[in-house]
Every structure is written in structure tokens, then in C-alpha cells.
Amino acid sequence: MAEKKSTEKPLKKKKTSSKYNFYTFIKPYRFVFAAGMFFLLLSSITMMLFPYLIGQLLGQDVGNSVESSTAFVNLDDTSTLVTVLFVVFGAQAIFSFFKIYLFGYFTANTLKDIRIKSFTKMITSPLQFFNENKVGELTSRVATDIELLRETFNTTLSTFVGQIITVVISLMILFFMSPKLCLITLAVVPVVALFGMFFGKFIKKVSMETQDSAAKSNAILEESLVGISNVKSFVNEFFEIIKYKKTVLEVRDKTMKIVTWRGIFGTLITFCMFGSIVFVIWQGKLMVESNQISGKHFISFILYTIFVGGSIGSLPDLYAKIQQALGATESLMKILDGTTEKLALQHIKNPLNLKGNVTFENVNFAYDSRLDIEVIKNISLNVKEGQQIALVGPSGSGKSTLSSLLLQFYKPSSGSILFDGKPADQFELSKLRNEMALVPQEVILFGGTIEENIIYGDLNASKEEIIKAAKDANAHDFIMSFPDGYETYVGDRGIQLSGGQKQRIAIARAILKNPSILILDEATSSLDSESELLIQDALDRLMIGRTSFIIAHRLSTIKNCDTILVLKNGQIHETGTHDELINIENGLYKNLSELQYQ
Ligand SMILES: Nc1ncnc2c1ncn2[C@@H]1O[C@H](COP(=O)(O)OP(=O)(O)OP(=O)(O)O)[C@@H](O)[C@H]1O
């Protein structure tokens, strides 16, 4: 297959705002969230009693100064107050437990939903989506970006709301105690809010860049590990390390940018807050001296002011953290906005059972990423059920693209493809694809047993059907030569199968699928002649009674095909049987054939 010319459109460059956002995922659990908020409110309110009770405790019969207040504590009242304090904190502990539990439940379920939704979205995206996005970047979105939401949903969001509750309640109490002092405390709020808004936006942007770099770095990690033999054979380990290191450093630098600004901003806010607290204490002390407020109220006042100060001071950072998570998941939300294929996402119930007539009517096609270059030009073709059609032609002539169009991986730019006389778009996509099976050039087996790999062709197949398919694919004997037979693990953590063995597993899969249309992408790598014979024999059996398209690289295997299409630059250059084509003087097929037998 021709190398995919990837035209990665970085997701961040898409400007449209996403229809998915936090709320989409929060919605199903909004009542749990609301219950969590309720307990948060209760725990905040009980917490708010603390300054009042401490004021009462320390401020009994207080004179004019805070220092002297502790000397005149009424012990009787103290024991009552201490009991009340214990009751209040007991209640606070219970409320806190429910708050933590409910937010934990809410987070676990929300993240589960986002993960499942993201995976479903990606796996049902059209192939073009995978041409535009690297797999490593996509896995990073699901694995790393979503993880950033955990802390936000678990603690940041609730702390943020909790702090707002604290501020509002405290300010109300403060206003009740002394409107003048309350207004002084409030003076700092607009400064903090302004800073916070500016800062939040900045953090969101840098956070998005950080996650983009993290995704890039993950893509390098994945690509070099998946292609490890390539890396090693070119002795390019150092190059991969440099590439990876560069992106990791980028992530580090961007994270440090966030950390530095959060630090500067946090310090600034703390400074402002402490300044205003000192100012309020000073003013309050003057008011106590001139008997405008009582000493008891003054102590409570100071404690409430500290609460308000602490809460207001923490709000911008919490806001920044929420923005960070929002920024980090923005790309993911845009992925969720993308189009998907209309697939049934369940077992096919009433298969179409097509006869296998295929018609191409003036089909033209250009890949989305290179719309100016038509790779399939005006192809018309009429294939009767059960016929064998070979697609041959130089590399890049459009053979794989034609099979992708057949499989409905892409839609023609113009013209149409008909199955049993009916245009493709009049069928349900899942049902139509279910009528076709592809035996690819390079077979990829999933980590699992041989049986699991064969049953992929028909998830409802019985053991007998699996064995029969394996026998028809000439795979049974080599499978039984392994001690664990069909239970043998293949892939990364199991046995490594040879190219020819993998091919036969793929053929068994296709046999099990029992399609009416077959697409065989002949392996380019040469197999030993015994293996080749076994595969050819299995393929011959598989092709009986099915319309078969064979992308052929070795012309010897297609001599008996009903029709051979010779493609050149996306057009049908020659068409006919082997005997007809081989006799065309200076014909492309004749030339290709002579080249192979030289
Ligand atoms: N995903 C893609 N995006 C853009 N262009 C592509 C994509 N896949 C293939 N092409 C281009 O389409 C043209 C036809 O490619 P195709 O893979 O169909 O050729 P092929 O005949 O199967 O080649 P080969 O025998 O080397 O596999 C080539 O010019 C190729 O560069």
C-alpha cells in the first residue's frame, strides 16, 4: 500500500467552539453533584460557625484588647461551648465524608463516560480522521488529558464552590457585624477578580499547548516503540531519543511557565489579602477602642476576615486550575465534535446476503487532504457475482484506493458504486461492510489466543465452525502443532507467527465471515513456496462462489482471473483476460509481466 501522506491538521487550529463541554458529561450525574454540593454547603456552614464560637470562647467579658480577653474566660460557658464545638465538628466530619464520597462517585462516573465516549467516537470515525491524527496523539488525549479532569472534578470544582460559599456567608455575617469594616474587606475583591480572569485565560491557553506537546511526545514514544525494528535496523536510537527529549522538554517548559505564573500570582494575591486583613484589624481595633463594636464581635470579625481573605485568595488559583483542565481537554472535546460513520454498533441481525454484483459508474475520487489530485479517475466497471477481478498496475496507481472505496472507507467525489444494482448509500453501512471481507497485505493479529483471532470474523461462531474455517484456510495443522492449540497466545505476550501463518489466520477469519465480496491484498513479501502453495490453495477455496477483487503484485497468481484491470495514474489503462492482455504489443500488462519474469 502506498505510504499515507499525512496532513496533520492540528486540532488546536480549528476555531469553532465545541458542542461538547464539561456540562455535557456532568449532566447525567447532576443530581449526585447537587447532593455533593448540598453536603459541601452544610460542611461550609458548620465550618462558618467556628469563628463565631471561638469569638464567644475567647471573648467572654472582654475588655478593650484581644490579649486581655483570654484571662477572663468563664469556665462554665467554656465547657458548654467546647461541647458545642465538638458537636459542630462532628457534624462537619459527617458532612465532609458525604461530600467526598459523592464527588468521588461523580468524578469516577464522569471520567468513565468521557473515556467510553472518546473511544467510541474515535473508533467510529471515518478513515480520513486517522489520516489527519496520529494514533499516539489520540491515545494521549484519552489517557493523559482526561486524567487532568480527575483532580478538577474531585476537589478543585467543589473547593472552588465551597470557597465562594464561605466568602458569601462570611461577608453577610461581617456586614451584619460592621458594614464599614465589611466594605473595607471587599475593596480587594475587584482586584483579585480582574487578575483572576486575565490569569485564567492565560493558563487555559498554556495548558492547551502543554497537552498538545504531551500528545506529540506520546506519538513519538508510540511510533518508535511500534516500529522498534525499523529504529534498530537504521541504528537511529539516538535520533529517536533526541526527538522524544525535545518534546518532553517542551512539556516541562510549558508546565514551568504555568507553575511560575501561578506562583507569582498566588504570592501577589496573598500579599494583597494580608495587607487588607492588617488594615481591617487596625481599623477594627480603633473601633473597639472607641466602643463602636464589642471585643467579642471583634475576635469573630478578625476570624471571619481571615476566612474571607483565605477564600478570596485561593479563588484565582482554583479558577486557574479549572481553566487548566478545560484547556487540557479542549482538543478532546473537538474530537468529540467530529463526524462519525453511521454504524449499527451491534451484531448484524438480518444480513443483506448480497449476490455480489458490483458496479462502478464513472467513479472519481480525491483524498480530503489532497483535493486537487484525483487518484481515481472516471472508473466504470461491471462485475458479475462470483467473478474474480485482478487489480494490477504500478505503485501508486490507485489499487488500494479502489478497494477502500469498495469497502466504503471513503465516498467517491463523483459517480457511484452499486451493489446488486443498488447504490451503496442506500444500504446500511454496517450491513454493507458485513458483506465484504478483506485479507490484507500485512495481517495484524490482536493480543489474545489464536481462537480469539479467528472468531473475529464472526463473533457468534461455534468451536466447530472455527476449526472448520481453520482447516479450510490450511491453518489447522500448524495450530495443532502448538502445545496449546487454539488456546495459544499470539502477539506481544505470546508466540510470534510467521507471515504465512498470519495470512492463513486472516483467511480463516474471512472464511468465518462468509462474505459475498472478497478483497485480497496480496502480500508483497515473498513467502517460501510451500507456504505460498498452502495460502494459494486456501484462497482458491475461499474465492469459490464469491466476487473477488485481488490486488496482485505477482502476476503469476492472477492468470485465471475473469478480468484483469490494469490501472495507471488512477485510470483503467487496459482491461481483459491474461491471454488478451499479454498479447497487446507494448501494453502495460505485457511490460509488467516481462519485468517480473526477467
Ligand atoms: N490517505 C491518503 N491520503 C492522501 N493520498 C493518498 C492516501 N493514500 C494513498 N494516497 C495517494 O493515492 C494514490 C494511489 O495510492 P494507492 O495506495 O491507491 O496506490 P496502490 O496502487 O495501491 O499502490 P501500491 O501498489 O504501492 O500499494 C497515490 O498517489 C498515493 O500517494
Side-chain angles (χ1 to χ4, degrees), residues 1-11 122-123 125-138 219 223 230 338-341 358 360 362-381 389-415 417 436 438-444 499 503 506 517-527 548-558 561 563-575 581 587-589 591-593 595-596:
M1 207 184 291
E3 183 195 333
K4 284 194 177 67
K5 305 283 186 303
S6 164
T7 52
E8 282 126 38
K9 293 179 194 159
L11 292 158
M122 286 178 190
I123 208 162
S125 287
L127 220 58
Q128 185 59 32
F129 171 82
F130 296 94
N131 292 339
E132 289 170 6
N133 297 289
K134 286 186 176 177
V135 171
E137 291 192 15
L138 295 176
E223 279 166 12
N230 222 2
T339 49
T340 50
E341 293 183 318
V358 179
F360 278 64
N362 305 84
V363 172
N364 290 286
F365 176 71
Y367 284 98
D368 267 5
S369 47
R370 293 159 76 192
L371 282 170
D372 50 326
I373 303 172
E374 287 217 310
V375 290
I376 294 295
K377 294 172 201 143
N378 206 29
I379 288 201
S380 293
L381 183 68
I389 308 295
L391 305 174
V392 299
S395 179
S397 57
K399 304 180 292 290
S400 303
T401 307
L402 211 58
S403 74
S404 297
L405 287 170
L406 198 63
L407 280 159
Q408 308 295 301
F409 289 163
Y410 307 98
K411 286 204 179 318
S413 330
S414 64
I417 303 173
M436 299 182 244
L438 169 74
V439 180
Q441 231 179 73
E442 200 164 322
V443 181
I444 296 184
Q503 281 272 329
I517 299 159
L518 256 181
I519 299 160
L520 309 174
D521 199 347
E522 197 183 61
T524 33
S525 51
S526 53
L527 301 162
S548 308
F549 292 85
I550 306 139
I551 301 178
H553 300 280
R554 273 157 303 159
L555 306 185
S556 58
T557 54
I558 54 160
C561 283
T563 309
I564 297 169
L565 292 181
V566 187
L567 295 175
K568 189 181 173 190
N569 297 327
Q571 283 174 308
I572 299 181
H573 189 72
E574 290 166 6
T575 175
L581 295 175
L588 183 55
Y589 184 82
N591 278 346
L592 288 170
S593 175
L595 274 174
Q596 286 202 356

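Here the structure is a predicted model, which is why all the values come from computation and not from measurement. Indexing begins at 1, ligand by ligand and atom by atom, following the structure's order.
Of the N or O atoms in Gly396, one or more lie within a sub-3.5 Å distance of an N or O in ligand 1. Not a single N or O atom of Gln441, backbone or side chain, sits closer than 3.5 Å to an N or O atom of ligand 1. Between Gly398 and ligand 1, at least one N/O pair is under 3.5 Å apart.
Shown in contact with Ser400 at under 4.0 Å from a heavy atom are these atoms of ligand 1, numbered in order with element: 17 (O), 18 (O), 20 (P), 22 (O), 27 (O). Here is the list of ligand 1 atoms found below 4.0 Å of a heavy atom in Asn131: 1 (N).
No side-chain heavy atom of Ser380 sits less than 4.5 Å from a side-chain heavy atom of Phe360. Looking at Leu371 and Ser413, their side chains never come closer than 4.5 Å, going by heavy atoms from C-beta outward.
Contacts of Thr401 with ligand 1, taken as heavy-atom pairs under 4.0 Å, involve both backbone and side chain. Only the side chain of Ser369 comes within 4.0 Å of ligand 1, counting heavy atoms alone; its backbone N, CA, C and O stay farther away.
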- [ ] Kindly indicate, with the supporting measurements, whether the criterion side chain to side chain contact (heavy atoms under 4.5 Å, CB included) is fulfilled by Asp372 and Arg370.
- [x] CA-CA 5 Å; Asp372 50 326; Arg370 293 159 76 192; 4.2 Å; yes
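For the pair Ser397 and ligand 1, a heavy-atom separation below 4.0 Å is found.
In the displayed structure, Lys568 atom NZ is contacted under 6.0 Å by at most 12 heavy atoms of other residues, nucleotides or ligands. For Ile373, the CD1 atom sits in a packed shell: over 12 heavy atoms of surrounding residues, nucleotides or ligands are nearer than 6.0 Å.
Looking at Tyr367, Phe409, Phe365, it is Tyr367 that brings a heavy atom closest to atom 10 (N) of ligand 1.
For the 3.5 Å distance criterion, the side chains of Thr401 and Tyr410 fail to qualify, holding no donor opposite an acceptor.
At least one donor-acceptor pair closer than 3.5 Å links the side chain of Lys399 to the backbone N or O of Gly393.
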